[in-house]
Amino acid sequence: MKAETLAELNAERAARRPAILVTDTANGEQRLVKAADFARDPLRAELAKQLRMGKSGMVEAAGKKLFLNVYAPTAKLVIVGAVHISQALAPLARSLEYDVTVVDPRTAFASPERFPDVPVIAEWPDVALPPLNIDHYTAFVAVTHDPKIDDPALLHAFERQCFYIGALGSRKTHAKRAERLRAQGAGDADIARIHAPIGLDIGAVSPSEIAVAIMAEITAQLRLPPKEKEEAA
């Protein structure tokens, strides 16, 4: 890799923007495709597929064999609410290589003893969330059932364009939540992004089962093409 290309790649990675290095296996020629250029690149379909998978791989295009080396940011999971579901969800997400953080101002819940090996921030969302640099590669889960905690957290998630936003509660609870969020400036498009009731409908009952349903829904949002995401919802 040329020094100039490496410098560009390092800049994209530092900014948590995905990039793909395209190498012609026949002659070794390389070019770096940045996230901003994916949509208009001749290989856009192949780039999108490999990026969704999060894996590098070989493709054939225009009679050439090309190796696509995928550089994608490590996905984050921010869990607002140090509840029983979170205790099951955090280690499950870590096993899938997510960077996990738990936020809850209630110190009786937000303790290192309840969440070993996971950063726990015992602060209100307005204090805890901004330093986390939440972005498009972040899945955001609100599970406290307390509007004073969940609502401002969800508003922050809207602003940061998280790829997944989920909130615990029944459809009736979510309808009331939507009214509160609209009153605080959220638009219909923002509300529509919330997965609520949270998690895939697999008949989950226990906290561990609900955690599996949530993680499955997050995975679907991260990996499936747009049409298949709609079918899975």
Side-chain angles (χ1 to χ4, degrees), residues 11-19 34-39 48 51-52 54 71-83 85-86 89-90 92-94 96-105 110 115 118-169 174 177-199 214-215 217-224 226 229 233:
E12 295 305 297
R13 296 180 72 182
R16 283 182 56 83
R17 293 189 294 261
K34 302 175 184 179
D37 301 322
F38 284 174
L51 183 60
R52 281 197 313 274
Y71 296 89
T74 299
K76 298 179 182 180
L77 172 62
V78 174
I79 306 171
V80 176
V83 298
I85 292 171
S86 308
L89 180 60
L92 177 57
R94 278 177 57 86
L96 297 173
E97 301 183 347
Y98 281 70
D99 284 340
V100 182
T101 304
V102 176
V103 173
D104 197 323
F115 293 90
V118 174
V120 179
I121 304 175
E123 297 282 359
W124 289 89
D126 62 334
V127 175
L129 297 179
L132 295 180
N133 295 319
I134 292 166
D135 59 18
H136 181 65
Y137 271 84
T138 303
F140 195 95
V141 173
V143 290
T144 72
H145 256 318
D146 185 339
K148 297 190 301 298
I149 303 172
D150 284 351
D151 288 3
L154 290 167
L155 290 170
H156 186 81
F158 296 154
E159 293 176 0
R160 304 306 297 173
Q161 297 298 311
C162 298
F163 79 85
Y164 174 89
I165 300 174
L168 190 66
H174 181 58
R177 176 193 294 126
E179 290 178 6
R180 294 194 307 270
L181 292 173
R182 288 191 182 94
Q184 298 176 72
D188 289 342
D190 293 324
I191 305 299
R193 294 176 59 207
I194 303 175
H195 292 263
I198 197 170
I214 294 171
M215 207 64 234
E217 191 168 57
I218 291 172
T219 302
Q221 284 298 302
L222 182 66
R223 301 298 186 203
L224 291 179
K229 285 182 189 179

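The analysis underlying the following values was restricted to heavy atoms, covering all of them including side chains, and did not include hydrogens, waters or symmetry mates.
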Side chain to side chain donor-acceptor pair (under 3.5 Å) partners for [X], two or more places apart:
X    : result
D99  : none
N133 : none
R160 : none
R16  : D135

Check your understanding: So with a 6.0 Å cut-off around CD of Q184, is the heavy-atom count from everything else above 12?
Key ->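 Buried by this count: over 12 neighbours within 6.0 Å.
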**Study point:** ring pair (Phe, Tyr, Trp, His ring centres under 6.0 Å) against F115, all qualifying residues, sequence neighbours excluded
**Key:**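 Not a single residue meets the ring pair (Phe, Tyr, Trp, His ring centres under 6.0 Å) criterion with F115.
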Is the shortest side-chain heavy-atom distance between [X] and [Y] below 4.5 Å?
X    : Y    : value
K76  : I134 : no
H195 : H174 : no
I149 : P105 : yes
R193 : Y164 : no

Once side chain to side chain contact (heavy atoms under 4.5 Å, CB included) is applied, do any residues pair with [X], and if so which ones, sequence neighbours excluded?
X    : answer
R13  : L9, Y71
E123 : I121, V127, A128
A186 : L155, F158, L181, D190, I191
A110 : A82, D104, V120, A122

Exercise for review: State which residue, out of I214, V102, V141, V118, fulfils the side-chain contact (heavy atoms from CB on, under 4.5 Å) condition with L77.
Suggested key: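 The passing option is V141.
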Exercise for review: Report the residues that fulfil salt bridge (Lys or Arg N to Asp or Glu O under 4.0 Å) with R94, sequence neighbours left out, ordered by chain and then residue number.
Suggested key: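 Scan of R94 (salt bridge (Lys or Arg N to Asp or Glu O under 4.0 Å), adjacent residues dropped) gives none.
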Check your understanding: Nearest 0.5 Å, what's the CD1-NE2 distance between I85 and H145?
Key ->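 It comes to 7.5 Å.
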Exercise for review: Would you mind listing every ring-ring contact (aromatic ring centres under 6.0 Å, His included) that reaches into residues 120-143, with sequence neighbours excluded?
Suggested key: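 Listed once each, the pairs would be none.
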